[in-house]
Amino acid sequence: MNAPLPNSLRQGPDSRGRFGQFGGRFVAETMMPLILEIERAYEAARRDPEFLKEWRLLLKDYVGRPSPLWHAARLSEHLRAANGGKGAKVYFKREELNHTGAHKINAVLAQILLARRMGRTRIIAETGAGQHGVATATACALFGLPCVVFMGATDVERQQPNVFRMKLLGAEVRPVTAGAGTLKDAMNEAMRDWVANIHDTYYCIGTVAGPHPYPAMVRDFQCVIGEESREQILAAEGKLPEALVCAVGGGSSAMGLFHPFLDDEGVAMYGVEAAGRGIDTPEHAASLNRGRPGVLHGNRTYLLQDAHGQIQEAHSISAGLDYPGIGPEHSWLHEIGRVTYVPATDDEALEAFQLCSRLEGIIPALESAHGLAYAMKLAPTLDNDAIVLLNLSGRGDKDIFTVAKHLGVAL
Amino acid sequence: MPGARIAARFAAVKAEGRGALVTYVQGYDPDPATSMALLRGLPGAGADLIELGVPFSDPMADGPSVQLAGQRALRAGGTLAGVLAMARDFRREDADTPIILMGYYNPILAYGAERFCTDAAESGVDGLIVVDLPPEEADELEGPASGAGLSLIRLVAPTTDDERLPRVLAGTSGFVYYVAIAGITGTRSASREALEGEIPRVRRHTDLPIAIGFGVRTPKPSAIGFGVRTPKPSAIGFGVRPPQQAAEAARIADGAVVGSALIDTLAASLDAEGRAKPDTVRRVLDQVRALAEAVRDR
């Protein structure tokens with residue numbers, strides 16, 4: 001992990017866990033001493049060469065890092081051909097090749113190592129698409145720890161392959177029927193379990209949200225994505241990319257890619273929010289484009305909420321983006337204008353999903369397809385020597401049933 | 001004077017040689033009229049202080065009973081403004097019973113912290129319990145609350161160690177809400193032995209009255225659950241544990257908070273569509289009467 005410069009956008013959060021006005025520790029008193037304990041344990045672990053060595057070894061030999069950086073030449077040419085020959089080169093950071101098929105495993109392994117250091121013997125997690133649940137179940141299998149994954153009942157329905165995967169890995173999957181039965185409700189229930197089992201349980205949060213230190217900690221553990229990308233693009237092209245693009249739900253894959261580049265002024269960054277059926281309809285998950293600041297799940301951040309402060313249900317074809325909030329650091333980067341947050345609809349994501357499969361032989365996760373949908377809009381606006389680097393955060397095998405259904409195909 | 005009604009009530013109860021009965025009901029559960037009738041009936045049934053819950057879509061510290069109450073209240077149109085109006089109506093007829101609003105921070109933020117504190121005080125509210133606002137984050141609300149004369153009542157948990165206690169208690173006024181169990185509301189009970197050890201520990205750090213909550217409930221704790229489930233009607237009447245537990249808690253501390261048990265009774269009285277029946281208010285108030293008798297029975 002590179003040390004940030006004194007005048008850097010990479011110094012946050014402050015000692016209260018805040019990025020500007022966002023972040024913090026909005027949890028019940030019962031949980032507060034535990035949150036402080038995790039912060040202390042994390043601060044010690046990140047400075048411990050042994051901890052980092054063990055994690056790096058797992059990333060290399062178990063996850064298969066570094067993940068490759070792939071020049072998506074056929075896709076780039078396709079976009080140029082439709083645009084009179086003009087358009088940027090598109091690269092994919094191939095997080096989908098990680099063991100378990102997404103970026104989630106990076107931070108999970110580090111958190112499980114931390115839980116072990118803290119003497120915790122039971123792991124809980126929330127999951128939306130199931131990728132974080134699968135990653136957590138995998139790490140728990142590897143370390144022989146009992147694992148309970150909370151998953152919205154709606155998500156259990158639309159992500160059956162991942163549910164079965166988690167069970168095969170020995171985890172218990174608890175469907176949550178509160179609310180709309182999606183990621184938000186799973187997170188509520190995980191927090192309730194945690195507060196009742198504080199003595200032995202570690203809550204492995206899957207994204208850069210929740211009370212401090214989670215947003216900073218998960219980001220730090222995902223920064224391996226951006227650090228590798230930086231080295232790889234310099235080696236391949238001898239320069240940094242003009243633009244980074246990544247889908248944002250909670251925003252862990254995007255934070256991991258963006259953070260190591262935040263101080264590089266020439267690098268534009270685009271976080272792509274799920275626009276569902278459109279950000280001007282009631283059915284989307286665009287917290288930054290259509291929400292306002294509030295407090296949920298332990299942090300202050302942009303939230304989809306009504307005039308009375310009740311949290312609204314998000315909607316996206318992608319279970320992993322179906323969340324009415326976003327990590328607090330993204331809220332800050334949005335407000336200071338360092339990152340531009342743009343929407344991509346269900347339909348745009350579906351189209352990108354199919355195009356990527358046909359042109360590159362890579363079936364992307366529906367989450368990543370949102371990022372790709374915007375990269376496909378952005379590339380034609382840039383010169384031919386420009387580079388757009390997309391975080392292909394996960395693979396789409398888990399989504400084939402959802403996509404088939406939307407395309408009217410019976411499997 | 002901040003918290004004058006709260007201090008006066010705890011003093012009066014103490015003069016009677018007993019602990020206070022603090023009852024929790026959620027505003028707008030199951031509908032505004034029933035909820036208002038219940039609120040009006042509480043003092044007469046023996047409630048010494050009233051916690052009035054503000055519905056929130058994501059009550060992370062609450063168990064199934066309060067979650068379901070919140071869903072009913074929201075369906076009935078419950079808002080923070082609506083709950084303030086209930087307090088105002090209540091205060092016109094009752095000058096002495098303290099009202100404490102209990103809920104989560106986001107509806108307050110949406111209302112505006114400053115304006116909320118002013119309006120709450122004008123509505124006759126005496127104190128606030130904001131579950132997800134630990135001392136580390138309370139600065140935004142502390143100023144407006146004390147400016148408006150509202151007590152900010154903090155939660156103290158079994159996990160709050162001696163090193164942390166002074167910090168938590170520093171900004172507390174009115175009374176201390178001792179969370180009896182590390183867990184969510186209405187799912188487990190604390191043992192008497194645990195409470196007998198814990199309450200003196202807290203007392204060493206404060207002169208404020210201490211009320212015990214989160215752990216006073218019905219005999220059959222539901223499994224820690226999730227979701228929209230029809231609550232099993234619990235057989236609550238005279239001689240079951242809540243009155244004894246409440247009496248015990250009120251003896252060990254200065255008061256006992258009963259919430260989930262009352263909500264379970266309310267829920268069990270509703271029809272299949274979740275609507276109040278003619279005896280809904282009476283059944284909940286009967287239970288309050290039993291609890292009030294128990295805390296008075298020395």
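Per chain, numbering begins at 1; letters A, B, ... match sequence-line order. Side chains are part of it too, since the values below use all heavy atoms of this structure and drop only hydrogens, waters and symmetry mates.
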Judged by atom type as modelled, is there a donor-acceptor pair below 3.5 Å linking the side chain of A/Q310 to the main-chain atoms of B/P55?
yes

- Message: Around atom CD of B/E193, are there more than 12 heavy atoms from other residues, nucleotides or ligands closer than 6.0 Å?
- Response: yes

Check: Just wondering, more than 12 heavy atoms not from B/D162 lying within 6.0 Å of its CG?
Finding: yes

Any [X] side-chain heavy atom under 4.5 Å of [Y] side chain:
| X | Y | value |
| --- | --- | --- |
| B/T159 | A/M31 | no |
| A/E29 | B/V179 | no |
| B/D58 | A/K184 | yes |
| A/M32 | B/E137 | no |
| A/H308 | B/P107 | no |

Between the OG1 atom in A/T30 and the CD1 atom in B/I181, the distance rounded to the nearest 0.5 Å is 8.5 Å

CZ (B/F56) and CG (A/L296) are apart, to the nearest 0.5 Å, by 5.5 Å

Side chain to side chain contact (heavy atoms under 4.5 Å, CB included) filter on B/M60, not counting sequence neighbours, yields A/N188, A/M191, A/H297

Taking side chain as everything from C-beta outward and backbone as N, CA, C, O, which of these in [X] sits under 4.5 Å from a heavy atom of chain A? Side chain, backbone, both or neither.
| X | result |
| --- | --- |
| B/P59 | both |
| B/L74 | side chain |
| B/V130 | neither |

Engaged part of [X] at the chain B interface, taking heavy atoms whose separation is under 4.5 Å:
| X | value |
| --- | --- |
| A/Q305 | side chain |
| A/A190 | neither |
| A/I198 | side chain |
| A/L34 | neither |

Of A/A28, A/P293, A/A153, A/A307, the largest count of non-hydrogen pairs under 4.5 angstrom with chain B goes to A/A28

If I compare all heavy atoms of [X] with all of [Y], which pair ends up nearest, and what's the gap?
| X | Y | answer |
| --- | --- | --- |
| A/R25 | B/P134 | O-CG, 3.1 Å |
| A/P33 | B/R164 | CG-CD, 4.0 Å |
| B/N106 | A/G294 | OD1-CA, 3.1 Å |

Between side-chain atoms of residues 109-120 of chain B and protein atoms elsewhere (two or more places apart, or another chain), which donor-acceptor pairs fall under 3.5 Å?
{"unit_1": "B/Y111", "atom_1": "OH", "unit_2": "B/D119", "atom_2": "OD2", "d": "2.6"}
{"unit_1": "B/R115", "atom_1": "NE", "unit_2": "B/Y111", "atom_2": "O", "d": "3.4"}
{"unit_1": "B/R115", "atom_1": "NH2", "unit_2": "B/Y111", "atom_2": "O", "d": "3.3"}
{"unit_1": "B/T118", "atom_1": "OG1", "unit_2": "B/E114", "atom_2": "O", "d": "3.0"}

